[in-house]
Amino acid sequence: MKNQLPLNKTPNLICYGYESYNDSIATSDIYLNNILVEIDNFHTNENAVAENSFSFISKGIECCCENGLFKFVSSNNAALLKGILYEKACGDMDISFRVSRHLYTAPWAFVSVFVADSLDELEDDYIKSKASPYLFGYFRKSGLYKMIGDNIDSLNTTFNDCDSYWLRIIIRENQISSYYSDNGQDWIEAYCDTVDKGKEYYTGIYLDMNEFTYYNWLYSNHLQIYCYNILSENCVPIDYFYPTDYDGLSKSNPFVHEHKIPYHIIESFHIRLDELLCYCIDNGIYIDLPLNEKYIPNRIAYQKNDYSHYNMVYGYDSENDTVSILGYDKNLKLHASAESYDNILTGYLNNIGSDIVLHKFEMNYLPEQLNIDLIINTLTDYIECRDSSERYSGICQKRHRCVFGVAVYDCIVNSEKNFNTFLDDLRIAYFLTEHKKLMADRIRFLVEKNILKENSCELIEKGKKLYESTMLLLSLVMKCKLKPSANLMQDIKNKISTIKQNDIHLSTEILESLNQFKCSQTTISDQDQ
């Protein structure tokens with residue numbers, strides 16, 4: 001038997017730590033993709049719908065049709081994902097189609113068929129009342145709750161979580177009826193009403209996917225960073241700051257829930273590792289497994305020294321006796337591979353007795369809003385080298401012997417021991433590169449959302465150049481590992497100093513722009529009152 005859970009092997013956060021694993025789960029194509037909806041078997045009055053027979057208007061969604069398959073694709077970083085595929089009609093009408101793919105970007109993302117007097121009326125009605133007399137919606141929250149028409153309670157238990165579903169709307173004489181089906185043959189009436197006979201109307205498909213709330217969360221976070229005073233004294237010398245509780249569990253990722261199984265529980269109850277892995281994977285649970293990588297092939301410590309590190313298990317193949325894991329290979333890159341169960345078991349039994357952490361994807365019931373206040377506070381902490389855990393007093397595990405924000409650059413170069421660790425441990429240079437890539441991406445994201453308005457093109461260009469400078473730094477470090485020299489080491493130190501100054505200048509400009517935006521929003525709010 002074989003089973004693998006969805007995984008993005010090249011996630012946004014590609015360095016290391018819990019968040020890279022969580023990110024690889026949350027950004028899987030199953031959970032996050034720019035193809036929002038696919039529709040096929042699309043018929044009007046029993047005739048297949050031609051490519052150009054319907055018109056399309058949208059906010060943030062593009063529509064294309066090929067061989068009868070309609071694809072609705074999101075624009076990058078769109079603030080709203082709404083679209084209407086429509087035609088103007090009069091008289092009897094029978095529209096039916098299958099939704100063969102429906103990506104749930106938010107808990108209430110839906111596809112619906114509609115009949116309305118005007119397109120503006122359709123959207124206005126929905127925005128104001130979350131309902132329309134002639135709107136038939138298919139809702140889904142976390143795969144647990146569906147709502148059709150007004151018949152929530154009576155219909156809720158009749159639907160399954162199948163990959164496809166069918167929608168239909170029929171107008172006969174002056175009566176309009178809407179239907180849902182799991183198979184395209186057995187139709188359940190969800191709504192029935194009357195319309196004015198002989199009147200022209202708009203009919204078609206209405207999409208409201210809300211927005212990719214994942215990106216709101218991503219760019220609201222992963223700004224503050226910290227490292228240890230002595231880089232070599234911790235297995236993770238540098239990382240993003242995110243609040244963790246006193247059990248060490250992350251509290252930042254709203255799309256992946258974590259639970260911990262203490263090592264002594266597994267030992268005391270004689271839980272078989274193979275049975276635990278199969279049970280978790282079969283129930284959609286990813287497993288962070290602490291392994292001694294001395295026994296794991298393609299790891300930097302393989303057959304050399306004891307080194308315990310978490311690897312995430314996301315699948316198994318009982319016929320070949322292998323386990324699918326995601327971890328950091330000998331080049332310190334995030335890498336997915338199939339390893340023998342015997343190696344995994346040996347690595348687990350020879351680790352230092354660490355706990356197992358379970359991860360499960362959950363659609364967040366409360367959509368993540370872009371948190372401007374959080375970005376401002378964290379960016380302030382970053383520039384001022386402030387310990388961000390002070391903002392979470394009483395609920396956050398404090399980082400000891402650490403420096404924060406731009407002080408990381410000084411920590412690397414002010415100690416010969418730390419500088420040697422920086423040259424030896426490529427993860428640190430990879431991390432700085434990734435951090436600047438996220439900064440450049442965040443700038444474009446905020447510009448596209450019309451939040452960074454002043455000098456937006458300059459900010460985008462500066463973000464791009466800062467990212468490119470860290471890429472060059474990474475190249476210099478790699479070169480130094482192959483052929484070290486005093487001149488090259490000095491070039492690296494000079495490059496770090498330049499990056500620090502440019503980072504401070506850019507971060508300060510972004511902070512000023514965000515504060516201007518916040519003040520403008522406050523002024524607008526006061527005027528409305």
Side-chain angles (χ1 to χ4, degrees), residues 35-59 61-74 81-103 109-123 125-126 132-139 146 148-149 155 159 162-209:
I35 301 177
L36 303 171
V37 177
E38 289 183 347
I39 289 174
D40 57 23
N41 291 317
F42 191 6
H43 288 78
T44 300
N45 294 341
E46 300 183 357
N47 296 315
V49 172
E51 182 173 348
N52 298 317
S53 59
F54 275 61
S55 300
F56 185 68
I57 58 175
S58 170
K59 294 179 179 177
I61 302 177
E62 298 173 359
C63 176
C64 61
C65 178
E66 185 176 347
N67 298 325
L69 176 64
F70 286 79
K71 286 187 178 182
F72 299 90
V73 181
S74 69
L81 298 171
K82 298 176 183 287
I84 302 174
L85 187 70
Y86 70 94
E87 70 172 4
K88 202 164 188 178
C90 180
D92 293 349
M93 179 67 66
D94 186 342
I95 295 177
S96 64
F97 56 89
R98 180 178 72 163
V99 181
S100 50
R101 175 185 176 86
H102 180 171
L103 188 73
F110 71 86
V111 182
S112 67
V113 282
F114 73 89
V115 172
D117 292 335
S118 74
L119 300 181
D120 292 337
E121 177 190 86
L122 172 71
E123 189 162 354
D125 283 349
Y126 178 74
S132 169
Y134 306 135
L135 179 65
F136 164 54
Y138 175 83
F139 291 66
K146 305 181 182 70
I148 295 186
L155 293 176
F159 303 123
C162 55
D163 294 332
S164 301
Y165 59 92
W166 280 254
L167 299 179
R168 187 177 188 180
I169 193 164
I170 298 176
I171 299 175
R172 292 283 185 269
E173 297 294 332
N174 67 333
Q175 182 169 297
I176 175 175
S177 301
S178 55
Y179 301 87
Y180 172 90
S181 174
D182 280 334
N183 55 23
Q185 297 178 351
D186 303 314
W187 296 94
I188 300 173
E189 185 177 274
Y191 193 83
C192 183
D193 204 346
T194 57
V195 293
D196 294 336
K197 188 175 181 179
K199 185 177 181 179
E200 280 192 328
Y201 50 83
Y202 290 92
T203 185
I205 300 170
Y206 181 59
L207 311 174
D208 187 348
M209 311 305 289

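Quick caveat, the model's predicted, so the values are computed rather than measured.
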Provide the closest heavy-atom pair for Trp166 versus Asp182 in the form atom of the first, atom of the second, distance.
->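 Closest approach of Trp166 to Asp182, heavy atoms only: CZ3-O, 3.2 Å.
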Which atom of Asp92 lies closest to which atom of Glu173, heavy atoms considered =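 In terms of heavy atoms, the two residues are closest at OD1-N, 3.0 Å.
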Once rounded to the nearest 0.5 Å, what's the spacing between atom [atom1] of [X] and atom [atom2] of [Y]?
X	Y	atom1	atom2	answer
Met93	Asn45	CE	CG	5.5 Å
Ser178	Trp187	OG	CH2	11.0 Å
Arg101	Leu36	CZ	CG	8.5 Å
Ile95	Arg168	CD1	CZ	11.0 Å
Ile169	Thr203	CD1	OG1	5.5 Å
Ile176	Ile171	CD1	CD1	4.5 Å

Pairwise side-chain contact, [X] with [Y], heavy-atom cut-off 4.5 Å (strictly under):
X	Y	answer
Ile35	Leu103	no
Val99	Glu38	no
Thr44	Glu87	yes
Arg172	Asp94	yes
Leu69	Phe42	no
His102	Met209	yes

Any sub-3.5 Å donor-acceptor pair from Ser100's side-chain atoms to Ser164's backbone N or O?
->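 Here the side-chain-to-backbone pair does not exist.
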Please list, chain by chain and in numerical order, all residues satisfying ring-ring contact (aromatic ring centres under 6.0 Å, His included) with Tyr201, sequence neighbours excluded.
->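 Partners of Tyr201 under the ring-ring contact (aromatic ring centres under 6.0 Å, His included) test: none.
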Of [options], which meets side chain to side chain contact (heavy atoms under 4.5 Å, CB included) against [X]?
X	options	result
Ile61	Asp208, Leu85, Leu81	Leu81
Ile84	Tyr202, Phe114, Phe54	Phe114
Tyr179	Ile170, Leu167, Val113, Ile188	Ile170

What do you reckon, are the aromatic ring centroids of Phe56 and Phe72 less than 6.0 Å apart?
->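 Ring centres of Phe72 and Phe56 closer than 6.0 Å.
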Can you sort out the partners of Cys65 under side chain to side chain contact (heavy atoms under 4.5 Å, CB included), two or more places apart, ordered by chain and number?
->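 Partners of Cys65 under the side chain to side chain contact (heavy atoms under 4.5 Å, CB included) test: Glu51, Phe70.
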